[in-house]
Amino acid sequence: MRTLLNRKVLFFGGKGGVGKTTCASAMALAASRAGKRVLLVSTDPAHSTGDIFECAIGAEPLEIAPRLHALEIDAALEATRYLDGVKARIAGLFGHAILKEATRQIDLAATMPGAEEVALFDRMGALIRGEDDRFDLVIFDTAPTGHTLRLIRMPELMEAWIRALSRSRRAMLGVEQDDRSDPIMISLAERLDRLRELRARLMSGRETAFVLVLIPERLPIEETARALAQLEEAGIRVGGLVVNRVNNRVALVTRQGNPVA
Ligand SMILES: Nc1ncnc2c1ncn2[C@@H]1O[C@H](COP(=O)(O)OP(=O)(O)OP(=O)(O)O)[C@@H](O)[C@H]1O
Ligand SMILES: [Mg+2]
């Protein structure tokens with residue numbers, strides 16, 4: 001676990017109820033006591049971090065111990081914030097008539113499946129890129145495995161999507177207009193830059209690690225093996241496995257399978 005302290009981003013993932021929140025919280029507390037400025041982020045709608053630390057944690061970082069802040073991301077709230085942000089950005093770009101139609105389209109998009117996930121991803125992305133420089137280490141207590149794997153693959157998907165948008169915008173602009181003077185091209189290019197930065201940080205074994213929590217039973221072991229393969233395939237470094245509830249205690253195993261504690 002000590003080697004994980006020097007990362008910038010840690011994810012704690014695993015099947016439901018195996019002890020993700022408990023382990024992420026313990027890690028966050030240990031890291032803060034070791035002198036790191038830590039942000040513990042819960043992305044699980046069930047939000048039990050507040051219960052563990054016995055305080056009401058909300059959408060902005062709250063100091064819950066020396067050098068330790070916590071934050072619970074509420075996907076619905078993020079979706080509203082995200083879309084308000086989009087509206088504010090396009091308000092400066094278009095005239096009244098287009099804006100009215102665009103706003104209607106955005107409000108419609110807000111009700112579509114996936115809107116909350118994109119918004120959650122956007123907020124997580126900002127934290128992963130290290131936007132808040134008050135923290136040395138950001139620890140994510142994630143929702144059960146499948147959801148997180150999708151989130152981690154999002155930069156790749158979104159990059160492809162933004163590239164396609166840029167191509168059609170480029171075709172619309174025609175040869176005489178320079179990309180650098182078109183606000184939409186500029187905004188797309190900025191988004192692409194941020195996604196690349198995010199992906200680089202996610203894929204950097206030095207900066208980011210995924211910790212998989214499991215219990216020593218057949219189904220969680222099999223699910224963990226699958227998650228491990230998927231993460232490594234996506235280029236994400238698995239920093240360790242925590243085998244929880246071994247004789248009701250916690251055991252830590254290295255990548256090579258050697259027990260540590
Ligand atoms: N090693 C342990 N010994 C005893 N109790 C434990 C241990 N680890 C976790 N628990 C308890 O098990 C329950 C589930 O743990 P926790 O909430 O950390 O799991 P989780 O993976 O975050 O669950 P969820 O998928 O619902 O978010 C909690 O009540 C917690 O206190
Ligand atoms: Mg939990």
Side-chain angles (χ1 to χ4, degrees), residues 1-2 4-5 7 9-33 38-62 64-65 68-78 116-117 119-121 123-124 127-128 137-152 208-231 236 238-254 257-261:
M1 279 297 187
R2 261 191 198 97
L4 295 180
L5 287 182
R7 304 286 162 77
V9 180
L10 291 177
F11 289 92
F12 279 76
K15 220 171 151 56
V18 292
K20 298 178 294 297
T21 303
T22 308
C23 292
S25 301
M27 183 70 185
L29 198 58
S32 68
R33 287 182 179 162
V38 184
L39 177 64
L40 175 62
V41 186
S42 164
T43 60
D44 186 343
H47 291 322
S48 32
T49 336
D51 299 338
I52 292 187
F53 290 97
E54 296 182 329
C55 50
I57 297 167
E60 292 308 322
L62 174 78
I64 55 173
L68 176 58
H69 281 70
L71 164 69
E72 290 183 342
I73 302 183
D74 176 341
L77 184 78
E78 290 308 323
E116 291 188 2
E117 209 169 22
L120 170 65
F121 169 76
R123 182 84 196 271
M124 284 175 78
L127 294 168
I128 293 166
L137 173 65
V138 182
I139 298 181
F140 288 97
D141 166 20
T142 70
T145 327
H147 183 246
T148 308
L149 285 172
R150 267 212 312 282
L151 277 177
I152 277 180
T208 302
F210 212 101
V211 179
L212 286 168
V213 183
L214 71 152
I215 52 175
E217 283 171 18
R218 201 178 130 199
L219 289 182
I221 291 173
E222 283 176 1
E223 180 170 319
T224 305
R226 272 198 302 275
L228 201 102
Q230 283 174 325
L231 283 165
I236 313 284
V238 175
L241 305 179
V242 176
V243 186
N244 193 11
R245 289 182 176 272
V246 178
N247 300 323
N248 260 329
R249 287 171 51 210
V250 179
L252 178 70
V253 182
T254 64
N258 309 316
V260 177

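No experiment lies behind these values; they were computed from the predicted model shown. FYI, the numbering just counts along the sequence from 1. Counting starts at 1 for both ligands and their atoms, in listed order.
- Among the atoms of G16, none of the N or O lies under 3.5 angstrom from an N or O of ligand 1.
- Not one N or O of S48 is nearer than 3.5 Å to an N or O of ligand 1, by distance alone.
- Between V213 and T22, the closest side-chain pair of non-hydrogen atoms is not below 4.5 Å.
- Taking a cut-off of 2.8 Å, the protein N, O or S atoms nearer than that to the Mg ion (ligand 2) are T21 OG1.
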Worked check of side chain to side chain contact (heavy atoms under 4.5 Å, CB included) between L68 and L29
CA-CA 7 Å; L68 176 58; L29 198 58; 3.8 Å; yes
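- For F140, the ring pair (Phe, Tyr, Trp, His ring centres under 6.0 Å) criterion is met by F11, not counting sequence neighbours.
- Contacts of N244 with ligand 1, taken as heavy-atom pairs under 4.0 Å, involve the side chain alone.
- Side-chain contact between L228 and L241 is present, with heavy atoms from C-beta onward closer than 4.5 Å.
- Looking at heavy atoms from C-beta onward, L120 lies out of side-chain contact with E116 at the 4.5 angstrom threshold.
- Below 3.5 Å of separation, one finds an N or O of K20 facing an N or O of ligand 1.
- With respect to E222 and R218, a salt bridge is recorded, a charged nitrogen being found less than 4.0 Å from a carboxylate O.
- Heavy-atom contacts of T22 reach the following atoms of ligand 1: 9 (C), 15 (O), 16 (P), 18 (O), 30 (C) (cutoff under 4.0 Å).
- I73 places a side-chain heavy atom less than 4.5 Å from the side chain of L127.
- In this structure the side chain of E223 never reaches within 4.5 angstrom of the side chain of V18, judged on heavy atoms.
- Residue C23 has no nitrogen or oxygen atom sitting less than 3.5 Å from a nitrogen or oxygen atom of ligand 1, judged on distance alone.
- At a 4.0 Å cut-off, not a single heavy atom of G14 sits close enough to ligand 1 to count as contact.
- M124 is not listed as a side-chain neighbour of V41, based on a closest heavy-atom distance of 4.5 Å or more.
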